[in-house]
Number of protein chains: 2
Amino acid sequence: MDAKAGARRKNEAGDTPNPEGGERQPTRIQAINREIILDAALEVFAVHGFRGSTVDQIAARADMSKPNLLYYYRRKQDIYRAVLEATLGDWLAPLAAIDPAGDPIEELRRYISLKLAMSAEKPAASRLFANEILAGAPVIGDFLETRLRALVQEKAGVIRRWVGEGRLAPVDPVHLIFTIWAVTQHYADFDVQVKAVLGSQVDAAGFREQTAQAVLSIVLNGIRPRR
Amino acid sequence: MDAKAGARRKNEAGDTPNPEGGERQPTRIQAINREIILDAALEVFAVHGFRGSTVDQIAARADMSKPNLLYYYRRKQDIYRAVLEATLGDWLAPLAAIDPAGDPIEELRRYISLKLAMSAEKPAASRLFANEILAGAPVIGDFLETRLRALVQEKAGVIRRWVGEGRLAPVDPVHLIFTIWAVTQHYADFDVQVKAVLGSQVDAAGFREQTAQAVLSIVLNGIRPRR
DNA sequence: CGATTTCTTGACTATTTGGTCAAAGCAGAG
DNA sequence: CTCTGCTTTGACCAAATAGTCAAGAAATCG
């Protein structure tokens, strides 16, 4: 230990501010910069996935030097985890909001609309997940098998009850949920393809509503009991 | 030009055997190795995308030295393009096979079943596309805007006619196609998530049939005209 | 203000990665 | 067998990339 070593030190554990479960509450600057970083990282990871993205890319997008970025998140992996965690909540919320006491068709209509709106407003979040899943869910695998699984089973129970009461056509509840996920995510993840096929009309006003209308028509009429 | 230069040369253009539009027909060894490489590359690119994959990974998977692999495809990009092109045909075939003269419900049922079967049998191909699209379709962008677009418009016309004849419920044809793509691809691309949520039952015999049944039920009942 | 802590960065390192090359090994036509 | 062209690879290189470090700049607090 030399004289210099003791001169600058008050940060008792680790060098990074609040390094993963840190205690001290973040500075104003920390809060701002962490958010800037997460925003930038989301855009980058969403396009190229974890392995295909570089810290330099994220730093450039965050308009920040690489060492500075690594001051807030020590490793590329830490940024990735942070972005994923920051988005997971949003992801579950709509499904969690399905109300067993509500009207089945109305609840599902609302759910689909909400997911479609999220796909349109936060496509990067959707693509981030898609990349993570495609890569084999190395980071959120646990989450999928525990929290997500539990939530899906719970809501599947609700749907199953609805079916039993004759308020929905007989349908496998889990596959129904998958179908809704698939279709709503498609418009975020495969946006480029949608645009390529449909051309300029995608940017036209009302396209979102038109899409929601079409999807709802297909899915809802399929689960609405016939008379 | 020195003596050595002239000593070894019979391959009049380029160093790589049949380098992209080459003329000479491939050797037996060439045919074998190219296929081995494409198979290996498909698996690797499908998981990590173009940027996230390394030539070394592909070479290892192909059980081949890196220089040897690069003897057959000079650049990483060339391998990628080759894999994509080799898969594009398979991708279009089912949609192209929709028969305007057939029974609407039957044609769409067959189409969905075919796509689901492909998702189960060749998930890597599906994931390769997903990665390419997520990355912004840098390579197949043109293809999407020309061939795919034309095919979709053509088949949309067929569906629109069916709707006009009252043989299908009123539905936006293009969004119907997107919905089918979305759902069928979901089971390939998000396989990890499906497994996480459903657990061991995914591996059980008959799961594929059960899935097909559920999806068909949701989509078909949605487009079948009511009486 | 002065002292202390937080923030920022240029310069640097070790490793990974795409790609090259010369030379050695091999297959097949004659 | 022999000879030619095809195939394979160890060794190598330059660029990219994750991450480090020490020192300077800016806040913050008394």
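Here is the naming used below: chain letters follow the sequence lines, and residue numbers restart at 1 for every chain. Below, each value reflects all heavy atoms present in this structure, side chains not excepted, and no hydrogens, waters or symmetry copies.
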Quick one: which of D:dG19, D:dC6, C:dT8 gets closest to the side chain of B:Q30?
D:dC6
Give every donor-acceptor pair under 3.5 Å between a side-chain atom in residues 187-198 of chain B and any protein atom, sequence neighbours left out.
{"from": "B:Y187", "atom 1": "OH", "to": "A:H175", "atom 2": "ND1", "distance (Å)": "2.6"}
{"from": "B:D189", "atom 1": "OD1", "to": "B:S126", "atom 2": "OG", "distance (Å)": "2.6"}
{"from": "B:D189", "atom 1": "OD2", "to": "B:Q185", "atom 2": "NE2", "distance (Å)": "2.9"}
{"from": "B:D191", "atom 1": "OD1", "to": "B:K195", "atom 2": "NZ", "distance (Å)": "3.4"}
{"from": "B:D191", "atom 1": "OD2", "to": "B:K195", "atom 2": "NZ", "distance (Å)": "3.2"}

Mind checking what makes salt bridge (Lys or Arg N to Asp or Glu O under 4.0 Å) contact with A:D90, not counting sequence neighbours?
A:K122
Whole-Å distance separating the CD1 atom of B:I79 from the C1' atom of C:dT17
13 Å
With sequence neighbours excluded, tell me which residues meet salt bridge (Lys or Arg N to Asp or Glu O under 4.0 Å) with A:E121.
A:R208
So, do B:I159 and B:V174 sit near enough that their side-chain heavy atoms are less than 4.5 Å apart?
no
Rounded to whole Å, CD1 of A:I32 lies from C1' of D:dA26 at a distance of 14 Å
By ring pair (Phe, Tyr, Trp, His ring centres under 6.0 Å) - contacts of B:Y111 (at least two apart)
none
Figure out the OH/C1' separation between A:Y72 and D:dG19, and round it to whole Å.
18 Å
Between NZ of B:K76 and P of D:dA16 the distance, given in whole Å, is 13 Å
State which residues pass salt bridge (Lys or Arg N to Asp or Glu O under 4.0 Å) with B:R147; sequence neighbours excluded, sorted by chain then number.
none
Interatomic distance, B:L70 CG vs D:dT7 C1' [rounded to whole Å]
14 Å
Filtered N/O pairs between nucleotides 9-11 of chain C and protein, under 3.5 Å:
{"from": "C:dT9", "atom 1": "OP2", "to": "A:S65", "atom 2": "OG", "distance (Å)": "3.2"}

With no hydrogens and no angle check, is any side-chain donor or acceptor of B:T184 less than 3.5 Å from a backbone partner on B:K115?
no
Those residues at least two apart in sequence (or on a different chain) that pass salt bridge (Lys or Arg N to Asp or Glu O under 4.0 Å) with B:D56 are B:K66
Between P on D:dG19 and CG on A:D78, what's the gap in Å once rounded to a whole number?
8 Å
B:Y73 atom OH is separated from C:dG18 atom P, nearest whole Å, by 17 Å
Test ring pair (Phe, Tyr, Trp, His ring centres under 6.0 Å) applied to B:F143 - qualifying residues, sequence neighbours left out:
none
What is the distance, rounded to the nearest whole Å, between atom CZ of B:R74 and atom C1' of C:dG18?
14 Å
Polar atoms only, N or O, under 3.5 Å: list the protein pairs with nucleotides 27-30 of chain D and their distances.
{"from": "D:dT28", "atom 1": "OP1", "to": "A:R28", "atom 2": "NH2", "distance (Å)": "3.2"}

Going by heavy atoms closer than 4.0 Å, what residues in residues 40-55 of chain A are next to DNA chain C?
none
Residues at least two apart in sequence or cross-chain that pass side-chain hydrogen bond (donor to acceptor under 3.5 Å, both in side chains) with A:E43, listed by chain then number, are none
How would you list, by chain and number, every residue that makes a side-chain hydrogen bond (donor to acceptor under 3.5 Å, both in side chains) with B:R61, sequence neighbours excluded?
none
